[in-house]
Number of protein chains: 2
Amino acid sequence: MAREDTRRPPATLHDVAREAGVSLATASRTLNGSTRKVNDEYRARVLTAAEALGYVPNLQAQAVARGRTTTVGIIVADITDPYFSQIAGGIITATDAEGLVATIGVSGRDPEREVRLVSALRAQRPSGIVLVGSRVADAELTSRLTSQLRDFEAEGGHVVLVSQAGLPFDTIAFDNIEGAGALARRLADAGYRRAVVLAGPEELLTSRERTQGFIEGYAAAGHPSPSLEAVHSAFTRDGGYEAMGRLLDQDGERPDLVFAVNDVMAVGAMARLRDAGLEPGRDVAVAGFDDIETLRDVSPGLTTVRLPLEQGGTTAVELLVRRAAAPSLVRLPAEVVVRASTPALR
Amino acid sequence: MAREDTRRPPATLHDVAREAGVSLATASRTLNGSTRKVNDEYRARVLTAAEALGYVPNLQAQAVARGRTTTVGIIVADITDPYFSQIAGGIITATDAEGLVATIGVSGRDPEREVRLVSALRAQRPSGIVLVGSRVADAELTSRLTSQLRDFEAEGGHVVLVSQAGLPFDTIAFDNIEGAGALARRLADAGYRRAVVLAGPEELLTSRERTQGFIEGYAAAGHPSPSLEAVHSAFTRDGGYEAMGRLLDQDGERPDLVFAVNDVMAVGAMARLRDAGLEPGRDVAVAGFDDIETLRDVSPGLTTVRLPLEQGGTTAVELLVRRAAAPSLVRLPAEVVVRASTPALR
DNA sequence: TTGAAAGCGCTAACAT
DNA sequence: ATGTTAGCGCTTTCAA
């Protein structure tokens with residue numbers, strides 16, 4: 001009810017203690033102390049005083065005094081990309097269910113920047129860092145990143161990766177290879193024989209896994225495709241659009257199926273097809289990966305591989321809180337979802 | 001290059017000073033102090049020592065000592081919703097361009113929870129809080145929120161709202177009324193006469209503004225629509241789907257145009273139309289609002305009103321940093337984008 | 001149980 | 001220009 005018209009610094013524990021007529025220590029103990037050992041009389045007075053003064057504990061000061069924080073740092077490539085926002089959503093929900101505060105940094109898909117962000121986040125002395133996003137196949141970068149993260153863990157921090165297995169940290173990995181493989185088998189069985197992969201960036205491990213899984217799946221279905229090409233581009237909508245364009249410009253037989261390594265790219269590819277006067281799903285089948293929620297209503301419905309994105313986020317926080325002794329690896333399953341963009345050919 | 005195999009606490013300024021053979025103050029000054037006034041000789045030694053020890057300043061300690069933080073708190077309703085993720089993207093980009101750290105909380109569209117989040121964020125003593133999302137028409141809630149925010153400002157914090165004007169804080173407001181009005185005029189001119197508004201939640205001010213603007217626009221175009229109904233539902237994809245369903249179940253003449261107060265709802269409505277065997281854009285025209293990037297490739301292309309979402313985020317941070325004396329209001333313009341989902345009828 | 005006091009890592013007067 | 005030192009808000013021994 002009170003209106004503060006004057007600029008007054010926040011109430012401190014000290015203020016509360018004075019107002020309640022107890023010592024600093026007692027105030028601290030009733031307001032935070034784990035094992036309750038404060039006289040009910042005093043306890044009540046402190047609580048009342050805190051309420052009256054609108055006391056809000058200073059987390060920073062607590063952190064300094066305790067030597068540890070309740071902060072979790074998140075690093076994503078692009079919060080605007082639904083893949084990341086869904087994972088981030090899971091992380092944020094889980095963190096504040098745990099009473100932790102989430103801090104977020106965006107790397108803009110720049111691995112250099114990602115390394116710098118880790119260092120910047122470390123300044124916050126978070127209890128943990130969750131790094132979301134595909135690793136790249138670059139030994140030097142990986143080593144710099146790993147070294148930053150190891151330093152952080154040596155200081156008592158905890159690192160969880162949501163990406164590929166392989167680095168010596170707790171990791172949540174989606175079943176990219178298996179998912180893409182299962183998708184390929186389904187589509188091969190549906191009669192598609194001239195498939196092309198819109199493979200994303202060459203160095204990105206996620207791209208590679210999905211591409212590889214798809215090609216292997218085709219082979220496993222008894223249709224090894226010597227002609228199965230992989231066209232590289234950015235991992236974005238524009239990347240899909242542009243790669244599809246290059247594909248259409250090529251001579252030779254038109255593919256009957258285009259597998260984009262993520263949904264956003266698939267949508268870009270569909271747009272490009274339409275710009276060329278072709279109807280996705282009829283003239284060329286299209287499939288994606290991720291099953292992004294926002295894209296579930298595109299028409300024709302996009303065949304894709306569903307990933308439990310949000311669950312990946314919450315699981316990451318679980319690992320963070322659990323702090324297992326040895327780096328653990330959690331694999332999250334992928335599930336093929338066939339929709340109208342890849343009608344059966346027979 | 002060094003591998004930390006042993007758990008060793010992070011290097012402190014003290015460690016660096018000792019290693020460099022200088023005083024704490026000198027180390028502090030070279031590593032942080034604004035006006036440089038340190039001997040190059042010493043400076044170099046400190047820098048070397050810091051590098052060697054892998055020193056990362058402790059922001060929390062700095063904050064306590066300085067009495068202010070470099071943290072900005074963000075509160076959004078749902079990071080998974082592209083509307084919010086785009087604004088959040090703008091905020092995060094801008095904050096770390098300013099060397100600030102962004103902390104994020106998600107309210108899940110629950111105004112109660114939003115108030116609690118403000119209080120929780122305050123514990124971090126951020127230099128500012130950015131609250132993203134529509135206000136609701138509920139005096140009691142608004143008053144509790146306002147009171148929390150006023151307390152925060154009384155303590156020296158800075159609040160920026162990205163939503164409706166009206167509260168006594170710096171505000172970024174999108175031109176909802178004008179945008180919806182312009183859209184209505186365009187569509188009235190295109191020949192649509194039986195429009196219905198999928199209006200979202202009744203209490204949400206954003207819904208109200210867009211609905212009101214649309215209705216006024218129709219009237220301004222010389223087609224006051226006594227029959228212009230507003231169907232309420234959730235502000236989500238499912239809300240749009242469900243509201244569209246109710247509309248189809250009604251007796252009477254089918255509308256020739258459905259205006260959903262946001263793109264996500266519009267997509268839901270389109271899905272519902274298709275489930276009913278109707279083709280959006282041909283049997284019933286559909287328009288949305290926001291021009292969400294991820295949805296720009298839906299087919300038929302969704303007519304909508306473009307909002308500079310990301311710019312809203314960056315502008316919010318500008319206001320935060322500038323800290324104008326009086327609460328300022330920045331209006332961001334909306335722009336009608338006509339696409340294939342609302343073909344001209346004549 | 002309670003309180004006094006010594007830190008936590010860092011900054012910012014204040015001397016030198 | 002450099003160093004000493006008293007805090008910042010809080011926690012946590014250690015006595016009482």
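Residue numbers start from 1 in every chain, and the chains themselves are labelled A, B, ... in the order their sequence lines are given, proteins ahead of strands.
- Closest approach of Glu155(A) and Pro9(B) over heavy atoms only: CG-C, 4.5 Å.
- Between the P atom of dA1(D) and the CZ atom of Arg45(B) lies a distance of 17 Å, rounded to the nearest Å.
- Rounded to 10 degrees, the angle separating the terminal helix axes of the helix from dT1(C)-dA16(D) to dT16(C)-dA1(D), each built from five base pairs, is 40°.
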Open item on the list: Using side-chain contact (heavy atoms from CB on, under 4.5 Å), reason through Val101(B) and Val72(B) one step at a time and then give a plain yes or no.
Closed with: CA-CA 6 Å; Val101(B) 180; Val72(B) 171; over 6 Å; no
TODO: Using a 4.0 Å heavy-atom cut-off, write out nucleotides 8-16 of chain D from 5' to 3' as B (base contacted by protein), S (sugar-phosphate only) or - (no contact).
DONE: BBBSB----
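- For the pair Arg144(B) and Glu112(B), the salt-bridge criterion is met [side-chain N within less than 4.0 Å of a carboxylate O].
- Taking side-chain N and O atoms only, Thr26(B) has no distance below 4.0 Å to OP1 or OP2 of dT2(D).
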Open item on the list: Using side-chain contact (heavy atoms from CB on, under 4.5 Å), reason through Phe169(A) and Val160(A) one step at a time and then give a plain yes or no.
Closed with: CA-CA 6 Å; Phe169(A) 305 100; Val160(A) 176; over 6 Å; no
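- When only modelled atom types and interatomic distance are considered, Gln124(B) and Thr103(B) share a side-chain donor-acceptor pair under 3.5 Å.
- Salt bridge absent: Arg323(A) and Asp170(A) never bring a charged side-chain N and a carboxylate O closer than 4.0 Å.
- Taking 4.0 Å as the cut-off between side-chain N and carboxylate O, Asp96(B) and Arg113(A) count as a salt-bridged pair.
- No hydrogens or angles considered: a donor-acceptor pair under 3.5 Å links the side chains of Ser134(A) and Thr206(A).
- Distance Arg18(B) CZ to dG3(D) C1': 17 Å, rounded to the nearest Å.
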